[in-house]
Protein chains: 2
Amino acid sequence: MIRIGIVDDKRNNRIILADKLRRNNLFDIRLEAANGEQFLHKMMELKFDERPEIVLMDLEMPVMDGIVTIAAGSSLYPGTRYVVLTIFDDDDRIFNAIKAGACGYLLKEESGDIIADILMNLWKNGAGPISPSIAYKILQMIQNPPPAKPLSGAQKSENLFQLSEREKEILRFLCQGLEYKEIAEKLSISANTVKKHVINIYDKLHVNNKARALHIAYTKNLL
Amino acid sequence: MIRIGIVDDKRNNRIILADKLRRNNLFDIRLEAANGEQFLHKMMELKFDERPEIVLMDLEMPVMDGIVTIAAGSSLYPGTRYVVLTIFDDDDRIFNAIKAGACGYLLKEESGDIIADILMNLWKNGAGPISPSIAYKILQMIQNPPPAKPLSGAQKSENLFQLSEREKEILRFLCQGLEYKEIAEKLSISANTVKKHVINIYDKLHVNNKARALHIAYTKNLL
DNA sequence: AAAAAAACTATCCAAATGGATTATTGATGA
DNA sequence: TCATCAATAATCCATTTGGATAGTTTTTTT
C-alpha cells in the first residue's frame, strides 16, 4: 500500500479523487487537507513512517498556494514526493511547481486507471510523470541558461516566500549562528525587533523554529 | 519519411536499431557510422537536404566520443537533431550531452515502438525525447544543482570532525528541525541523552549553538 | 492625502537550549 | 585485566527562543 496525501480546497474533488484511488487496493489515503497551511500542519503531526509517500497537490487554493506549499514541504519532508494536480495544462505554473520541488504533474480529468498507473510508476521507479512539453522546457533551460546569470549552480530562487529585504538580511545572520542580540547589535536595532522579524520569517516559511527555517534557507537557496 | 542517422561502433547495434525503425515505414535510414570521425565525414559529403534530420548517437565509442561529436555536429549542421542512445543512465554524461547540444536522451533497452513514437514526436513537435527516468534525473539536477565543488581530492570529507555514527544520526535529526524530545522519542532514548550528544557534537564542531552546527553540517556536507 | 506595508519597540510567559557536572554500562583494545 | 571510550541518564541553572499581543514610526503605494 502506498501512502497518499491529497490537498485540494474543494471537498468534492478530494472525495472523487480518493474514490478513484481506492478502487484498486494499492493506495492508502492517509492525509487530506484543504490548503497548504493545513497540509503542513498535519505533516508535522505525523510520524516519519506515517507520512504520505506521495502527495497530490492542487495548485489553485486559497490561504496557501500549492507552489509555496510544495517548496516548503519538499524541504521539510524530503521523504515525500509531490505531484501537481491541476485542471489547467499551464506550462509556466507547472514549471514553477517543478522548480519548487514537485516531481511531476497530472491533469485532473485523467482516469483513475491512468492516475493509478502513473503513481505506481513514480513509486517504483522514482520517475515522475512529466509531459513532453515540460521536459522540453527543462532541456532548453539547461541548454540556454537564463541570460546574465553565472553558470555556477547557485541561482537565486525568485523570492518564492516573499521575504522582505530586511527579513532576508536577518535570515542570513541567523544562518551564521548569531543570536538575536548579536544581530540587533550589528543592525543597531533592538533585540525585540530582531525577534519580531524572525517570527515574521517563520510565518512566511511556515515553520516554527530556527532549524527548520535554516533548512529551507539552505535547501532553497534563500541566501 | 524522416531521415535518420545512426552512429554506433557496434555493427550489430546499428543493424538491430535500424531494423526496429524500419518496421514501420516512417523512417529512412540515410547514414550509418561507426564513430564520430566517420559520422562527421559522411555528413560533410551529403547535400543539405539529404542529411539526416535526427541522429541517434551512441556515447561509448572509440576514436571520437559521442559527446564531442554532438558538440561539433550541432554546430556544423544545426538542421540535424541529436538524440543520445546509451545503456548507462549516468547523470554526468546526460548533463554533458545535453550541454553539448543533444535534444534527447534514450536508453537502449526501450522498445522499438517507444523509440519510434518518441522520434515521431520529436520530429513533429520539436519536443525532445527523454525517458521518464532521465527526465526525472534532469529535474533533480535543476532542483539540486550540484554544488560547485571547491577543491579536488578530499571531496569525501571523511569524517573530518570525527563524529560518531550516533552523533551523525542526531545531527541529521537536528537539521530536520526536531527538538530534543522528538529525537529522543524517535531513538527511544532519554531527551537528556540527546542533549548530551548535541553538546558533544558542538564540542567536536567547535560551535556553541544549533544554527552554527547546522551551518557547518550544510556547508561541509555532513549529512 | 489617505491607506497599506515594512520596520521598529516593548512586555509577558512558557518552553527549549546550552553548559557544567556526575555516574553507570557495555564494548574495544592494549 | 585494566584503561578507555561511546552511549546512556540525570540534575541544576542561566540564557535563548517562540508565541501572542499591542503599539509607534517610516516608507511606499494608491
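Numbered from 1 within each chain, the chains take letters A, B, ... in sequence-line order.
- For Lys168(A), the salt bridge (Lys or Arg N to Asp or Glu O under 4.0 Å) criterion is met by Glu165(A), not counting sequence neighbours.
- You'll find the side chain of Ile170(B) reaches within 4.5 Å of the side chain of Leu187(B), heavy atoms only.
- Between the axis at the start and the axis at the end of the helix from dA1(C)-dT30(D) to dA30(C)-dT1(D) there is an angle of 60°, using five pairs per end and rounding to 10 degrees.
- For DNA chain D, no neighbouring residue in residues 211-218 of chain A is found when judged by any heavy atom under 4.0 Å.
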Nucleotides 26-28 of chain D: which of its N/O atoms have a protein N/O under 3.5 Å away?
none

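- The stretch residues 173-182 of chain B comes close to DNA chain C through Glu179(B), Tyr180(B), Lys181(B), each having a heavy atom under 4.0 Å from the strand.
- Applying the side chain to side chain donor-acceptor pair (under 3.5 Å) definition to pairs two or more places apart or across chains, those involving residues 169-187 of chain B are Arg166(B)-Glu169(B).
- For Asp28(A), the salt bridge (Lys or Arg N to Asp or Glu O under 4.0 Å) partners are Arg30(A), not counting sequence neighbours.
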Donor-acceptor contacts, no H, no angles, side chain residues 209-217 of chain A, under 3.5 Å, sequence neighbours left out:
unit_1	atom_1	unit_2	atom_2	d
Asn209(A)	OD1	Ala211(A)	N	3.1
Asn209(A)	OD1	Arg212(A)	N	2.9
Asn209(A)	ND2	Gly177(B)	O	3.0
Arg212(A)	NE	Asn208(A)	OD1	3.4
Arg212(A)	NH2	Gly177(B)	O	3.4
His215(A)	ND1	Ser75(A)	O	2.9

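- If you take CG of Leu205(B) and P of dG19(C), they are 13 Å apart, rounded to a whole angstrom.
- In this structure, Glu185(A) atom CD and dT16(D) atom P are separated by 12 Å, rounded to whole Å.
- Residues satisfying the side chain to side chain donor-acceptor pair (under 3.5 Å) test with Ser190(B), not counting sequence neighbours, are none.
- Proximity of Tyr202(A) to the phosphate of dG19(D): no side-chain N or O atom is located under 4.0 Å from OP1 or OP2.
- In summary, Lys204(B) and Glu167(B) engage in a salt bridge, as defined by a charged side-chain N under 4.0 Å from a carboxylate O.
- Between Lys210(B) atom NZ and dA16(C) atom C1' the separation is 7 Å, expressed in whole Å.
- For the pair Ser74(A) (side chain) and Ile70(A) (backbone), a donor-acceptor distance under 3.5 Å is present.
- For the side chain to side chain contact (heavy atoms under 4.5 Å, CB included) test, residues two or more places apart in sequence or in another chain that qualify with Gln38(A) are Ala33(A), Ala34(A), Asn35(A), Lys42(A).
- Straight-line distance from the CG atom of Leu163(A) to the P atom of dA5(C): 17 Å, rounded to whole Å.
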Trace of the side chain to side chain contact (heavy atoms under 4.5 Å, CB included) decision for Leu178(A) with Ile183(A): CA-CA 6 Å; Leu178(A) 300 192; Ile183(A) 298 175; 3.6 Å; yes
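- Separating the NZ atom of Lys168(B) from the P atom of dA6(D) is a distance of 13 Å, rounded to the nearest angstrom.
- The nearest whole Å value for the distance from the CG atom in Asn208(A) to the C1' atom in dA20(D) is 15 Å.
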Scan nucleotides 6-11 of chain C against the protein and return all N/O pairs shorter than 3.5 Å with their distances rounded to 0.1 Å.
unit_1	atom_1	unit_2	atom_2	d
dA7(C)	OP2	Ser164(A)	OG	2.4
dC8(C)	OP1	Arg166(A)	NE	3.4
dC8(C)	OP1	Arg166(A)	NH2	2.6
dC8(C)	OP2	Arg166(A)	NE	2.8
dC8(C)	OP2	His197(A)	NE2	2.9
dT9(C)	OP2	Ser190(A)	N	2.5
dT9(C)	OP2	Thr193(A)	OG1	2.9
dT9(C)	O5'	Thr193(A)	OG1	3.4
dA10(C)	OP2	Ser190(A)	OG	3.3

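- Atoms CG (Asp203(A)) and C1' (dG18(D)) sit 11 Å apart, rounded to a whole Å.
- Rounded to whole Å, the distance from CD1 on Ile199(B) to P on dT17(C) is 11 Å.
- When the side chain to side chain donor-acceptor pair (under 3.5 Å) test is applied to Arg51(A), no partner is found at least two apart in sequence or on another chain.
- In this structure, the side chain of Thr80(A) engages the main chain of Pro52(A) through a donor-acceptor pair within 3.5 Å.
- Evaluated for a side-chain contact (heavy atoms from CB on, under 4.5 Å) with Leu17(A), the options Ile4(A), Ile6(A), Asp58(A), Asn12(A) yield exactly one hit, Ile6(A).
- Under a 3.5 Å cut-off, the side chain of Tyr82(B) and the backbone N or O of Met57(B) do not form any donor-acceptor pair.
- Atom NE2 in His197(A) sits 12.5 Å away from atom CG in Leu171(A) (nearest 0.5 Å).
- Interatomic distance, NE2 of His41(A) versus NE2 of His206(A), reported as 13.5 Å (0.5 Å rounding).
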